[in-house]
**Q** 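Here you go, one structure.
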Amino acid sequence: MTISIEIFEFHQDNFGFLLHDNKTGATAAIDAGHEDKTREILKKHGWKLSHILITHHDWDHTDAILPLKNEFNAKVFGPKQQSNKIKGLDELLSGGDVVNVGNIKLQVIETSGHTKGHISYSDQKNHNLFCGDALFSLGCGRMRESNAKTMWEGLERLRQLPDQTQVYCGHEYSADNARFALSIDPDNLALQKRAEEIKTLRAANRPTIPFNLGHDKQANPFLRADNKRLAAKLGADADDSAEVFAAIRKAKDRF
Ligand code: FE
């Protein structure tokens with residue numbers, strides 16, 4: 001293995017990630033939500049933090065930027081859009097940019113919606129995606145700062161990534177997402193299968209991530225807003241995927 005990924009849990013349902021290039025020693029924190037937990041994992045492995053990659057401005061993804069940056073002299077990358085809302089950024093990123101963490105190449109994908117400047121990081125060689133609060137297993141982030149068209153376009157960009165992509169998202173919301181998804185798409189076999197898997201993992205107190213993007217394309221209603229059956233179920237215009245997406249998002253918010 002040329003790379004290592006460490007997942008840690010903090011607060012009520014947050015995930016943090018450390019991405020390490022075994023060859024060069026470069027180590028990136030994907031978002032910086034918890035200072036002590038990050039330090040603990042670094043210490044356990046003898047890694048030194050060299051990069052901090054921010055997906056969006058929410059406090060539970062940015063709280064630890066300044067202390068970690070000061071302690072490790074790490075370089076901080078984050079979205080150009082709304083960069084004024086994030087303290088400590090050194091490099092500003094937009095869709096299409098590339099960040100190198102040692103030999104690991106991360107492509108920046110614009111995934112606005114949850115927040116306006118939200119970005120995701122895709123390691124296409126190793127098939128890993130770090131998507132903050134844009135996409136969850138069987139769900140997506142709350143649409144707080146953009147319209148349905150923009151958010152759907154971001155999810156479509158993620159959907160274009162290869163099926164074998166492993167997705168690392170910002171929260172453990174899978175069980176709730178499964179309940180909602182089954183309520184609007186009860187006959188979907190891929191969804192039923194994933195819901196069972198989530199039930200088993202949660203019963204064993206295990207995280208449901210990373211999850212497989214190919215399976216999620218089949219099971220997650222928010223990645224299937226161009227599906228005619230779902231559109232009909234929600235009474236939305238099947239020719240307007242953004243409208244279907246908005247209807248699914250609204251139904252989930254009320255669920
Ligand atoms: Fe958030």
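This one's a predicted model, so the numbers in the text were calculated from it and none came from an experiment. The first residue in the sequence is number 1, and the count goes up from there.
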**Q** Could you tell me if Ser146 and Ser112 have a donor-acceptor pair between their side chains, going purely by distance under 3.5 Å?
**A** yes

**Q** Using 4.0 Å as the upper bound for N to carboxylate O, is an ion pair formed by Lys105 and Asp123?
**A** no

**Q** Under 4.5 Å side-chain heavy-atom separation, chaining through any Ile, Leu, Val, Met, Phe, Trp or Tyr, what else clusters with Tyr173? Say none if it is isolated.
**A** Phe136

**Q** What pairs of residues pass the side chain to side chain donor-acceptor pair (under 3.5 Å) test when at least one of them lies in residues 200-210, not counting sequence neighbours?
**A** Glu172-Thr208, Ser174-Thr208

**Q** Can I get a per-line list of side-chain donor-acceptor pairs under 3.5 Å for residues 227-236, giving both atom names and the distance, sequence neighbours left out?
**A**
residue : atom : partner : partner atom : Å
Asn227  : OD1  : Arg229  : N            : 3.0
Asn227  : OD1  : Leu230  : N            : 3.0
Arg229  : NH1  : Asp185  : OD1          : 3.4

**Q** What pairs of residues pass the salt bridge (charged side-chain N to carboxylate O under 4.0 Å, His left out) test when at least one of them lies in residues 107-116, not counting sequence neighbours?
**A** none

**Q** Apply salt bridge (charged side-chain N to carboxylate O under 4.0 Å, His left out) to residues Arg39 and Glu71 and explain how you reach the verdict.
**A** CA-CA 10 Å; Arg39 205 178 282 125; Glu71 182 172 344; 2.8 Å; yes

**Q** Does Lys44 pair with Glu40 as a salt bridge, N-O distance under 4.0 Å?
**A** no

**Q** Do Arg179 and Asp176 pass the salt bridge (charged side-chain N to carboxylate O under 4.0 Å, His left out) test, and can you show the C-alpha distance, the side-chain angles, and the key distance before you say yes or no?
**A** CA-CA 5 Å; Arg179 272 192 291 280; Asp176 273 355; 2.3 Å; yes

**Q** Does a donor on one side chain and an acceptor on the other come within less than 3.5 Å for Thr24 and Asn103?
**A** no

**Q** About how many Å separate NE2 of His114 and SG of Cys131, when rounded to the nearest 0.5 Å?
**A** 11.0 Å

**Q** Are His215 and Asp163 linked by a side-chain donor-acceptor pair shorter than 3.5 Å?
**A** no

**Q** Taking only residues at least two apart or on different chains, which pairs with a member in residues 51-69 satisfy salt bridge (charged side-chain N to carboxylate O under 4.0 Å, His left out)?
**A** Asp58-Arg144, Lys69-Asp90

**Q** Is it true that atom NZ of Lys48 has more than 12 heavy atoms of other residues, nucleotides or ligands lying nearer than 6.0 Å?
**A** yes

**Q** Are more than 12 heavy atoms, taken from residues, nucleotides or ligands other than His127, located less than 6.0 Å from that residue's NE2 atom?
**A** yes

**Q** Of all residues at least two apart in sequence or in a different chain, which pass the ring-ring contact (aromatic ring centres under 6.0 Å, His included) check with His118?
**A** His56

